Amino acid sequence: MPSRRTAIVNLARMGVGLIIATAAAILFFVDPAKSSIYPPCPFYLFTGLWCPGCGSGRAMHALLHGDVLRALDLNPLMVISLPLLGYAGVSRVCVSLRAKSLPRIFTGSFWSWFVVVLVFVYWVARNIDIYPLTVLAP
Amino acid sequence: MKCSSCGHKNADDAQVCSGCGVKLSPNLEPASENMYLPNYLAPAVVVTFICCMPLGAVALIYAAQVNGRQIAGDWQEARKSSESARLWCWIAFGAGIVFWTFYIILIVVIMILGSTGRL
């Protein structure tokens, strides 16, 4: 018989699924470039600088409509990392469903630091107003 | 069976911990270098992208420390980094939710004031 904890965990899983589906539906139908229903990036609001996530909403809207090039133009790092983050998510779901974990890729210290340094370099680079760094800005 | 890695309570016949994914065996050493330790790198990247908070950067740094410390054999330090990474992911996520909630309340208030002609 499932315990109360299992029931709560299952409820949380369904909640997360529901939130992701709702967010995808809103992003599909409402273009963040043309609507103000989306909150602004807090980092951009307070500093006037782009953060690594700026442009993600518009990029997701473009991706959901199949426009990969526009998505890459808006936030290249987010689009490139999306398959890897998706893999991590699916792997996590597999683990929590007690199936076998997917093969772990990019493990080890080097790759962890590579990802983190990449995000920080990207963060700085997209705020530098010199070509070709300007293509990184949303 | 209580997981020796994360403390999650699993069914007695469970092969893999449903809390952290580590393989369960009754005679498992409580802490070993080969044990699976989540580094929370993927969620740290996601909260940095979505919540746009410098708080996500803290989670990223802790996440990056985990694997190196584990390989070096600093099991306790690796676990501390892992736990800190998880904590800061939640802090960044929470901050994003708080910001979003305030924004929605603000928009609703502006809409109500606008419709009554007071703005």
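Keep in mind that this is a model prediction, so the values were computed, not measured. Lettering follows sequence order; numbering is per chain, from 1.
Considering only heavy-atom pairs separated by less than 4.5 Å from chain B, the leading option among F114(A), W111(A), F46(A), Y38(A) is Y38(A). Among N67(B), N39(B), V66(B), the residue with the largest count of heavy-atom pairs under 4.5 Å with chain A is N67(B). Of all the listed residues (L106(B), I61(B), I104(B)), the one sharing the greatest number of non-hydrogen pairs under 4.5 Å with chain A is I61(B). Between chain A and the residues G56(B), P43(B), A57(B), A63(B), the most heavy-atom pairs under 4.5 angstrom are made by A57(B).
Only the side chain of F120(A) comes within contact range of chain B, with at least one heavy atom under 4.5 Å from a heavy atom of that chain. With a 4.5 Å cut-off on non-hydrogen atoms, L77(A) touches chain B through its backbone and its side chain both. When heavy atoms are compared at a cutoff of 4.5 Å, L60(B) approaches chain A by way of both its backbone and its side chain. Only the side chain of L45(A) comes within contact range of chain B, with at least one heavy atom under 4.5 Å from a heavy atom of that chain.
Considering only heavy atoms from C-beta on, P76(A) comes within 4.5 Å of Y122(A) through its side chain.
The distance between the ring centers of W100(B) and Y103(B) does not fall below 6.0 angstrom.
In terms of modelled atom types and a separation under 3.5 Å, the side chain of S82(B) and the main chain of P38(B) share a donor-acceptor contact.
In this structure, the separation between CG on L49(A) and SG on C54(A) is 9.5 Å, given to the nearest 0.5 Å.
Using bins of under 30°, 30° to 60° and over 60° for the plane-to-plane angle, the ring pair F43(A)/W123(A) lands in the perpendicular bin.
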Report the C-alpha distance between K80(B) and E83(B) in whole Å, list the side-chain angles of each, state the deciding distance to 0.1 Å, and finish with yes or no for salt bridge (Lys or Arg N to Asp or Glu O under 4.0 Å).
CA-CA 5 Å; K80(B) 266 187 210 161; E83(B) 281 164 5; over 6 Å; no
